[in-house]
Every structure is written in C-alpha cells, then in structure tokens.
Amino acid sequence: MSGSTENAGVRVGVLALQGDFREHIAVLRELGSDAVPVRRPAELASVSGLVIPGGESTVMDKLSRIFALREPLVAAIAGGLPVYGTCAGLIMLSDRIVDGIEGQQTLGGLDVTVRRNAFGAQRESFETELQMPVLGDAPMHAVFIRAPVVEAVGERATAIGTLADGRVVAVEQGNLLGTSFHPEVTGDYRFHEYFLAKVRAHSLTA
Ligand code: GLN
C-alpha cells in the first residue's frame with residue numbers, strides 16, 4: 001500500500017502503556033501519518049487523534065492511573081478527540097462493562113455495554129469475514145483474540161459491524177470508534193483509513 005499524502009503531517013498517537021501498540025504505529029505510518037507512542041500527558045496533548053490498542057484492559061486501566069494519564073484521557077475523549085479502540089481499547093472506551101475484574105474502570109465515552117472475553121475458552125481466537133458497509137462492499141477479514149462483544153448499544157452509539165449471528169463487534173459514536181477485532185494484523189487498513197479521515201476532518205474544524 002502506498003503511503004497516502006493526505007495524511008502527511010497528521011499527528012496521531014497510539015496509547016503505548018501495554019499491548020500491540022507497535023503494530024498500530026506501523027500501520028498508521030504506512031498510511032502516511034505521523035504516528036507516535038503516547039505514554040505521558042504532554043504526548044497526549046500533542047496529537048490530534050488516538051488509537052487505544054489491544055492488550056489487556058485490566059492492566060491498561062491500572063497503568064493509565066500510574067502514568068497519570070487517566071484524567072487527561074477522560075478529558076480528551078470528552079473534548080471530542082477522535083479515538084479508536086481495538087479489543088482491549090474498545091473495553092477502555094466503553095461506558096459499561098460486564099465481566100470486568102474487581103474495581104476495573106474504563107475511560108468511557110462510547111454509549112455501549114461490552115462483555116469481556118465474550119467468546120469463551122473454546123473460541124478464544126477466531127477469524128471471519130465481516131460486512132462493514134462504512135468501509136465499502138468488500139468484506140473485512142476480522143481477527144478476534146480473547147475479544148469482547150458489544151452486548152448493548154445505547155442511543156448515542158451506532159453498530160457498524162455485526163457477526164452473522166447479529167452480535168455487534170464494531171461501533172461508532174461521533175469521533176469515537178471501537179472494534180472487537182484487530183485490523184492492524186491483517187493488511188487491510190481500511191478501518192485505520194476511516195479513522196484517519198475522522199482525524200483530518202476534526203483537525204479542520206478544531
Ligand atoms: N481479553 C482482553 C481484555 O479483557 C482483550 C484482548 C485483546 O485486546 N486482544 O482486555
């Protein structure tokens with residue numbers, strides 16, 4: 001894929017406390033953006049969009065507090081920063097969580113309820129083809145790894161991707177995006193392009 005010039009100079013961050021942040025940085029750079037890891041409040045303040053990667057939401061939650069990032073992240077989300085959460089990142093962005101560990105907090109923002117590890121031990125990881133109309137006609141190959149599912153979509157959020165059985169695995173709400181799956185590992189970067197288009201649009205109006 002050629003690095004697109006429309007993303008040149010677009011500075012996006014990837015929350016780099018834990019998880020597969022390197023893969024997201026590589027994809028976002030391949031798409032031509034200026035992608036940087038975010039571990040400090042000053043780094044967060046320097047970006048015009050943020051990806052929260054997959055990993056382990058319970059660990060990310062604890063580290064975000066230890067790194068004094070929790071409050072700045074909550075404020076950035078409330079302030080309209082475009083944020084895309086994948087898998088554990090989707091959990092972090094959700095207003096409500098089922099099957100979290102004792103005391104687990106999310107950052108919130110997305111008016112949804114997610115269930116952690118929703119596919120159970122026997123189907124911890126699987127791959128499937130998803131229809132995602134916002135990305136065009138071609139189905140998206142989706143990889144799920146100990147993935148959450150969106151159990152309830154509140155009034156402010158919209159389901160944009162569902163499994164054949166109707167379960168919701170991708171949601172959008174204004175500048176927020178969340179997927180249960182991992183588009184950073186498949187070579188199909190349409191979801192990251194979709195996110196970068198939101199970042200560009202927001203930068204023009206901000
Ligand atoms: N099961 C993990 C969690 O609860 C998410 C897994 C992932 O991000 N691949 O945070």
Side-chain angles (χ1 to χ4, degrees), residues 12-28 35 37-39 49-67 69-70 73-74 77 83-130 132 140-153 157 159-163 167-173 176-192 194-195:
V12 285
V14 181
L15 189 65
L17 298 173
Q18 188 267 339
D20 77 333
F21 55 89
R22 292 175 192 84
E23 286 79 356
H24 284 282
I25 290 173
V27 173
L28 292 164
V38 166
R39 293 190 188 86
L50 183 75
V51 171
I52 306 181
E56 178 48 56
S57 57
T58 55
V59 179
M60 248 182 247
D61 170 34
K62 285 182 188 146
L63 290 177
S64 70
R65 287 182 256 167
I66 291 168
F67 280 64
L69 267 173
R70 180 178 164 78
L73 283 166
V74 170
I77 294 165
V83 184
Y84 167 31
T86 58
C87 204
L90 164 64
I91 297 171
M92 294 300 290
L93 272 185
S94 298
D95 282 347
R96 296 168 295 277
I97 173 176
V98 178
D99 273 359
I101 64 164
E102 178 81 31
Q104 179 173 0
Q105 288 182 292
T106 69
L107 301 167
L110 279 174
D111 182 14
V112 299
T113 304
V114 285
R115 178 179 291 277
R116 284 180 68 229
N117 303 330
F119 297 97
Q122 285 176 349
R123 275 189 99 201
E124 290 216 322
S125 301
F126 66 99
E127 304 186 13
T128 190
E129 304 298 317
L130 271 188
M132 299 253 329
M140 175 147 231
H141 187 70
V143 176
F144 294 79
I145 306 165
R146 287 175 58 76
V149 78
V150 179
E151 280 208 340
V153 181
I160 57 170
T162 49
L163 294 171
R167 282 187 289 180
V168 176
V169 290
V171 288
E172 176 168 15
Q173 181 183 323
L176 303 179
L177 289 167
T179 61
S180 301
F181 52 92
H182 289 266
E184 72 282 11
V185 300
T186 56
D188 180 347
Y189 300 149
R190 284 178 293 161
F191 211 88
H192 288 82
Y194 189 66
F195 168 66

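We count ligands from 1, going down the list as the structure has it; atoms in each ligand are counted the same way.
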(request) Could you verify whether a donor N or O on one side chain and an acceptor N or O on the other, from His192 and Glu184, lie under 3.5 Å apart? (result)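 Note: His192 and Glu184 side chains miss the donor-acceptor criterion.
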(request) For Thr162, enumerate each residue passing the side-chain hydrogen bond (donor to acceptor under 3.5 Å, both in side chains) test, keeping only those at least two apart in sequence or located in another chain. (result)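 Result, side-chain hydrogen bond (donor to acceptor under 3.5 Å, both in side chains) vs Thr162: none returned.
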(message) Just to verify, what does Thr86 make a side-chain hydrogen bond (donor to acceptor under 3.5 Å, both in side chains) with, not counting sequence neighbours?
(response) His24
(request) Could you tell me if the ring centre of Phe191 sits under 6.0 Å from that of Tyr84? (result) yes
(request) With sequence neighbours left out, write down each residue that passes salt bridge (charged side-chain N to carboxylate O under 4.0 Å, His left out) with Glu56, or none if nothing qualifies. (result)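 Salt bridge (charged side-chain N to carboxylate O under 4.0 Å, His left out) list for Glu56, sorted by chain: Arg116.
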(request) Could you tell me whether the side chain of Arg167 reaches within less than 4.5 Å of the side chain of Val150, counting heavy atoms only? (result) no
(message) Just to be sure I understand the cut-off, which residues have at least one non-hydrogen atom under 4.0 angstrom from an atom of ligand 1?
(response)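 Under the 4.0 Å cut-off, ligand 1 touches Gly54, Gly55, Glu56, Ser57, Cys87, Ala88, Ile91, Arg116, Asn117, Ile145, Arg146, His182.
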